[in-house]
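Here the structure comes first, spelled out in structure tokens, and everything after it is commentary.
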There are 2 protein chains.
Amino acid sequence: MLSKSCIYALRSIVFIAHHTTTEFKIGIKEIARELELPAHYLGKILQQLTKHSIIQSVKGPNGGFSIDEKSQKIKLITIIGVIDGLDFFNSCGFGLKECSKEHPCPLHDNFKIYRDGLLDLFSSKSILDMVSKIEDGNAFIQNANLYETGKKSIKKY
Amino acid sequence: MLSKSCIYALRSIVFIAHHTTTEFKIGIKEIARELELPAHYLGKILQQLTKHSIIQSVKGPNGGFSIDEKSQKIKLITIIGVIDGLDFFNSCGFGLKECSKEHPCPLHDNFKIYRDGLLDLFSSKSILDMVSKIEDGNAFIQNANLYETGKKSIKKY
DNA sequence: ATAATAAAAGACCTGCATATCTTTTATTAT
DNA sequence: ATAATAAAAGATATGCAGGTCTTTTATTAT
């Protein structure tokens with residue numbers, strides 16, 4: 001639904017928002033390491049986001065990426081629009097060229113509910129909303145450490 | 001969400017169910033023409049479906065594809081499982097390896113609603129359900145003819 | 001000034017979904 | 001038997017998302 005690029009973008013932005021201030025920036029390598037993403041590829045994506053002023057970057061020593069207060073209020077849908085475009089939210093689940101009230105596919109109404117629901121979701125949630133959840137300990141943007149204590153994953157020996 | 005292959009499969013099956021009986025079969029070329037799909041590629045897909053006994057095929061003159069009564073009751077999710085697999089319905093929208101109640105991504109609950117909803121939808125609807133809608137004139141599986149009379153698409157000159 | 005750092009930019013590679021083309025096999029009609 | 005038909009099967013091509021590698025540019029610290 002969302003491309004990998006888009007997912008990488010969203011997770012990185014949230015990570016940057018969580019870990020930086022205008023003074024303390026964070027580099028591609030560290031983001032890539034912490035989120036387990038391919039560093040060079042991530043570079044391209046962050047470039048795009050920088051060009052669109054969704055995040056800020058500084059080159060050279062102590063450089064890296066950060067995100068200002070204002071940008072943290074950006075809604076997820078904006079980022080999706082920049083990376084993937086918004087065609088998905090107006091497309092037919094069965095691939096019909098035109099799928100509308102006048103010429104619906106057999107699941108038009110059903111698909112529409114979910115597509116519209118996701119659109120509403122992405123249109124209502126901001127970067128900051130994600131970060132808050134993480135800071136409250138109610139969500140994660142990094143992968144679970146499989147060897148963490150108390151995780152069901154292990155415990156079988 | 002569904003791959004092109006899967007969409008081609010679903011549309012073709014519905015088309016076959018709508019247009020054939022055990023006596024009157026339909027060939028790849030005609031299906032491809034009517035649904036505007038690449039014929040040879042479609043062949044491969046129909047092969048898979050035949051192997052899985054979701055449709056039936058006969059070679060030679062007057063041969064082609066058909067679908068028996070019993071197979072028309074097959075649910076869409078079965079076809080999706082054959083062509084795409086069902087990983088999607090158990091995956092994280094943010095790409096986390098583990099995304100669960102214990103280690104949720106920031107939109108875990110929201111994504112889950114839509115994923116589960118789609119799963120229920122595909123699990124409840126059969127080929128026959130699709131065909132019925134079409135035969136009742138309440139849905140289409142072929143693309144709209146842009147030059148059809150009374151379609152908003154044109155009418156601007 | 002120089003060296004070190006880190007993003008930006010550009011060129012290139014890879015794998016897979018998608019698509020095409022050709023040959024083979026099964027079936028039917030003559 | 002033979003020719004025609006149509007799916008099956010196999011080999012090959014294409015396009016693009018995803019990923020890597022190298023060079024350039026901007027910035028900072030010494």
Side-chain angles (χ1 to χ4, degrees), chain A residues 1-13 16 19-20 22-33 35-67 80 82-85 87-88 95, chain B residues 1-13 15-16 19-20 22-67 80 82-85 87-88 95:
Chain A
M1 197 236 321
L2 301 180
S3 70
K4 281 196 185 186
S5 297
C6 193
I7 289 172
Y8 293 176
L10 291 170
R11 289 179 63 202
S12 298
I13 295 172
I16 293 168
H19 289 283
T20 71
T22 322
E23 294 97 74
F24 287 125
K25 312 202 181 298
I26 191 170
I28 292 176
K29 279 183 195 167
E30 191 175 353
I31 302 171
R33 173 161 38 80
L35 299 183
E36 299 173 50
L37 306 179
H40 289 279
Y41 187 55
L42 180 59
K44 309 267 179 214
I45 296 167
L46 297 184
Q47 259 176 58
Q48 287 185 68
L49 297 173
T50 305
K51 273 188 203 147
H52 283 85
S53 308
I54 291 173
I55 57 178
Q56 294 76 48
S57 75
V58 175
K59 292 182 182 181
N62 305 321
F65 295 88
S66 61
I67 180 167
I80 295 170
V82 165
I83 304 292
D84 281 350
D87 285 354
F88 169 80
Chain B
M1 197 235 321
L2 302 180
S3 70
K4 282 197 185 185
S5 298
C6 193
I7 289 172
Y8 294 175
L10 292 170
R11 289 180 64 201
S12 298
I13 295 173
F15 190 79
I16 293 168
H19 288 283
T20 72
T22 323
E23 296 97 74
F24 286 127
K25 313 202 181 301
I26 191 170
I28 291 176
K29 278 183 195 165
E30 192 176 352
I31 303 172
R33 173 160 38 79
E34 292 301 312
L35 299 183
E36 299 174 50
L37 306 179
H40 290 280
Y41 187 56
L42 181 59
K44 309 270 179 214
I45 296 167
L46 297 184
Q47 261 177 56
Q48 288 186 67
L49 297 173
T50 305
K51 273 188 204 148
H52 283 84
S53 308
I54 291 173
I55 55 179
Q56 293 78 48
S57 75
V58 174
K59 291 183 183 181
N62 305 319
F65 295 89
S66 61
I67 180 167
I80 295 170
V82 166
I83 304 293
D84 281 351
D87 285 354
F88 169 79

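Below, chain A is the first sequence line, B the second, and so on; all start at residue 1.
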Output the rounded distance in Å from [atom1] ([X]) to [atom2] ([N]).
X: H40(B); N: dA8(D); atom1: NE2; atom2: P; answer: 14 Å
X: Q48(A); N: dA7(C); atom1: CD; atom2: P; answer: 16 Å
X: I28(B); N: dC21(C); atom1: CD1; atom2: P; answer: 15 Å
X: I45(B); N: dT20(C); atom1: CD1; atom2: C1'; answer: 13 Å
X: K44(A); N: dA6(C); atom1: NZ; atom2: P; answer: 19 Å

For this session: Kindly indicate whether the side chain of K4(A) and the base of dG19(D) share any N or O donor-acceptor pair separated by less than 3.5 Å?
Result: no
With both distances under 3.5 angstrom, what nucleotide forms a Watson-Crick or G-U wobble pair with [N]?
N: dT28(D); result: dA3(C)
N: dA13(D); result: dT18(C)
N: dA8(D); result: dT23(C)

For [N], does either OP1 or OP2 sit under 4.0 Å from a side-chain N or O belonging to [X]?
X: Q47(B); N: dA9(D); value: yes
X: S5(A); N: dA17(D); value: no
X: N62(A); N: dT5(C); value: no
X: Y41(B); N: dT20(C); value: no
X: S57(A); N: dA8(C); value: yes

Once you apply a heavy-atom cut-off of 4.0 Å, does [X] come out as touching a base, just sugar-phosphate, or nothing?
X: K51(B); value: sugar-phosphate
X: G64(B); value: sugar-phosphate
X: L46(A); value: nothing

Exercise. With side chains defined as the heavy atoms from C-beta onward, is the minimum distance between I83(B) and Q48(B) less than 4.5 Å?
Worked result: yes
For this session: Would you tell me whether S3(A) and Y8(A) have side-chain atoms, one donor and one acceptor, within less than 3.5 Å of each other?
Result: no
For this session: Check every atom of dT27(D), dT25(C), dG19(D) against the side chain of K59(A) and return the nucleotide holding the closest atom.
Result: dT27(D)
